[in-house]
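Atoms considered below: every heavy atom in the structure, side chains included; atoms not considered: hydrogens, waters and symmetry mates. Nothing fancy with the numbering, it's 1 onward along the sequence.
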Amino acid sequence: MRRSILFYLFTMIQALTAQEMALHRYNELSEELLLLAIEGKETQMIREKLAIVHPDSLKEYLDTDSKRIAFWVNLYNAYVQYLLRDDPALFDRKGKFFNKKRIPIAGRMLSLDQIEHGIIRKSQWKFGLGRIGKLIPSSFEKKLRVRKRDARIHFVLNCGARSCPPVRILSPEKLEHYMEQATREYLEKSTVYDESRNVVYVTSLFYWFRGDFGNRSGFHKMLTEHGIIPRGERPNFKKQSYDWTLDLENIILQ
């Protein structure tokens, strides 16, 4: 009898939450959460709302990759800000910081890695260089992940390190503009082209996620399209070191 009552109450809470969420769109909630986290303000109310929403409701609303990318990137960046502003020492053990499940969302507890590699990168193995997908993704992951990988997400995800791209608040309506702008600005800032030696020094992100970018031919295409290297040139690529110094003030509010 007690179990039946608890199940009934839980069902009612989910129903009420679904009605409430119809009034508060998920993308807008993720934008508000990120802004509050950046400003160091209270985020508990929004975090609790997102924790108990039904995954089917979330899937129904996030019905395009633009909505999904904007929502999940905002959520990822918000929790990096929230967790590290609250306890910067978490960044001392980076493997644990990214692997530990501490993000409650849609009835699950997720890690930053699960959001990045499982949902935003469409079920890629973290150490697979963008070439090896997960063998058995969870049903939750398959339900909410993007439909198509977009390498430009690496220029809007911020893990808290100084070499990361800046935090931006993403909306699905302006996502394409923000992704292109973020890509261009990050490549211009992080790339050094030595014309005399025909060498281009590029971000480590290209190498860690080379399959996402289409390997070296993809590097070349992206750098050429954004005017970083002249068309027709075929320079050698060199990886630059990544600065893992904690930096939570790398933010662009538009």
Side-chain angles (χ1 to χ4, degrees), residues 25-28 30-35 37-38 62-78 80-81 112 115-117 119-122 124 129-130 144-193 200-235 237 239-240 242-243 247 249-254:
R25 296 182 183 276
Y26 296 117
N27 284 106
E28 293 174 3
S30 76
E31 293 169 34
E32 185 178 355
L33 178 65
L34 179 51
L35 181 59
I38 288 170
L62 301 178
D63 57 355
T64 67
D65 271 359
S66 292
K67 288 182 179 180
R68 293 185 181 202
I69 290 172
F71 175 83
W72 289 107
V73 170
N74 286 340
L75 189 72
Y76 181 102
N77 289 345
V80 168
Q81 290 282 321
L112 290 165
I115 292 175
E116 178 179 1
H117 307 297
I119 295 175
I120 301 175
R121 296 183 60 228
K122 196 181 179 182
Q124 290 294 300
L129 304 177
L144 294 170
R145 68 190 180 187
V146 298
R147 297 183 177 93
K148 183 179 180 181
R149 271 192 292 167
D150 188 329
R152 296 175 300 173
I153 61 97
H154 295 295
F155 305 124
V156 290
L157 277 173
N158 180 287
C159 70
R162 183 168 292 167
S163 283
C164 284
V167 176
R168 302 168 189 262
I169 298 177
L170 303 181
S171 66
E173 297 81 11
K174 297 181 179 180
L175 184 68
E176 182 63 27
H177 168 72
Y178 285 159
M179 295 272 274
E180 275 301 298
Q181 182 179 354
T183 299
R184 183 183 67 255
E185 291 177 357
Y186 187 77
L187 291 178
E188 288 175 348
K189 180 180 179 180
S190 65
T191 311
V192 178
Y193 175 51
V200 59
Y201 299 90
V202 298
T203 173
S204 297
L205 295 172
F206 275 155
Y207 285 85
W208 296 338
F209 307 107
R210 61 192 68 180
D212 291 10
F213 290 99
N215 303 305
R216 285 179 180 254
S217 62
F219 304 171
H220 183 270
K221 180 180 179 182
M222 182 172 278
L223 292 171
T224 301
E225 288 177 345
H226 287 87
I228 309 298
I229 56 177
R231 292 189 180 276
E233 294 294 327
R234 289 286 175 180
F237 291 94
K239 179 174 66 173
Q240 298 196 69
Y242 208 77
D243 187 347
D247 181 5
E249 304 305 324
N250 185 15
I251 298 164
I252 296 178
L253 294 180
Q254 298 170 303

Q: State which residues pass salt bridge (charged side-chain N to carboxylate O under 4.0 Å, His left out) with Arg162; sequence neighbours excluded, sorted by chain then number.
A: Asp243
Q: So, using side chain to side chain contact (heavy atoms under 4.5 Å, CB included) as the criterion, who are the partners of Lys189 when residues are at least two apart?
A: none
Q: Might you point out which heavy atoms bring Tyr242 and Cys164 nearest each other, and give the distance in Å?
A: OH-CA, 3.2 Å
Q: Over all heavy atoms of both residues, which pair between His154 and Leu205 is shortest? Give the atoms and the distance, please.
A: O-CD1, 3.6 Å
Q: Could you tell me the separation between the CG atom of Asp212 and the CD1 atom of Ile120, rounded to the nearest 0.5 Å?
A: 11.5 Å
Q: Test: ring-ring contact (aromatic ring centres under 6.0 Å, His included). Region: residues 155-181. Which pairs qualify, not counting sequence neighbours?
A: Phe155-Tyr186, Phe155-Phe213
Q: Taking all heavy atoms of Pro172 and all of Glu31, pick out the closest pair and write down the distance.
A: CD-OE2, 4.2 Å
Q: Could you pull out every donor-acceptor pair under 3.5 Å between side chains of residues 222-231 and any protein atom, sequence neighbours left out?
A:
from	atom 1	to	atom 2	distance (Å)
Thr224	OG1	His220	O	2.7
His226	ND1	Met222	O	2.9
His226	NE2	Glu180	OE1	3.3

Q: Salt bridge (charged side-chain N to carboxylate O under 4.0 Å, His left out), that's the test. Do Arg25 and Glu32 meet it? Break it down for me.
A: CA-CA 11 Å; Arg25 296 182 183 276; Glu32 185 178 355; over 6 Å; no
Q: Not counting sequence neighbours, which residues clear side chain to side chain donor-acceptor pair (under 3.5 Å) with Glu173? List them please.
A: none
Q: In Å, rounded to the nearest 0.5 Å, how long is the span from OG1 of Thr183 to CD1 of Ile153?
A: 10.0 Å
Q: Rounded to the nearest 0.5 Å, how far does CG of Leu253 lie from CD1 of Ile38?
A: 5.0 Å
Q: Which heavy atom of Ser204 sits nearest to which heavy atom of Lys239, and what is that distance?
A: OG-CG, 3.5 Å
Q: For the residue pair Asn74 and Arg168, what are the closest heavy atoms and their distance?
A: OD1-O, 3.8 Å
Q: Roughly how far, to the nearest 0.5 Å, is the CZ atom of Arg216 from the CZ atom of Arg210?
A: 8.0 Å
Q: Which residues pass the salt bridge (charged side-chain N to carboxylate O under 4.0 Å, His left out) test with Arg184, not counting sequence neighbours?
A: none
Q: Taking only residues two or more places apart in sequence or in another chain, which ones pass side chain to side chain donor-acceptor pair (under 3.5 Å) with Asn27?
A: none
Q: Could you pull out all residues at least two apart from Asp247 that satisfy salt bridge (charged side-chain N to carboxylate O under 4.0 Å, His left out)?
A: none
Q: What do the steps show when you test Val73 against Leu157 for side-chain contact (heavy atoms from CB on, under 4.5 Å), and what is the final call?
A: CA-CA 6 Å; Val73 170; Leu157 277 173; 4.2 Å; yes
Q: Can you list the residues that meet the ring-ring contact (aromatic ring centres under 6.0 Å, His included) rule with Phe237, with sequence neighbours excluded?
A: Phe219
Q: What is the minimum heavy-atom distance between Ala70 and Ser171, and which atoms define it?
A: CB-C, 4.0 Å
Q: Quick one: CD1 on Ile115 to OH on Tyr76, what's the gap to the nearest 0.5 Å?
A: 8.5 Å
Q: How many angstroms lie between CD1 in Ile252 and CD1 in Ile169, if you round to the nearest 0.5 Å?
A: 11.5 Å
Q: Within the side chain of Asn158, is there an N or O that forms a donor-acceptor pair under 3.5 Å with the backbone of Asn77?
A: no
Q: Applying salt bridge (charged side-chain N to carboxylate O under 4.0 Å, His left out), can you list everything that pairs with Asp65, at least two apart in sequence or on another chain?
A: none
Q: Is there a side-chain contact (heavy atoms from CB on, under 4.5 Å) between Tyr26 and Leu75? Walk through the geometry before answering.
A: CA-CA 10 Å; Tyr26 296 117; Leu75 189 72; over 6 Å; no
Q: Which residues pass the ring-ring contact (aromatic ring centres under 6.0 Å, His included) test with His117, sequence neighbours left out?
A: none
Q: For Phe71, which residues count as a ring-ring contact (aromatic ring centres under 6.0 Å, His included) partner, sequence neighbours excluded?
A: none
Q: Between Arg121 (side chain only) and Arg149 (backbone N and O only), is there a donor and an acceptor less than 3.5 Å apart?
A: no
Q: With a 4.5 Å heavy-atom cut-off, do Val146 and Trp72 have their side chains touching?
A: no
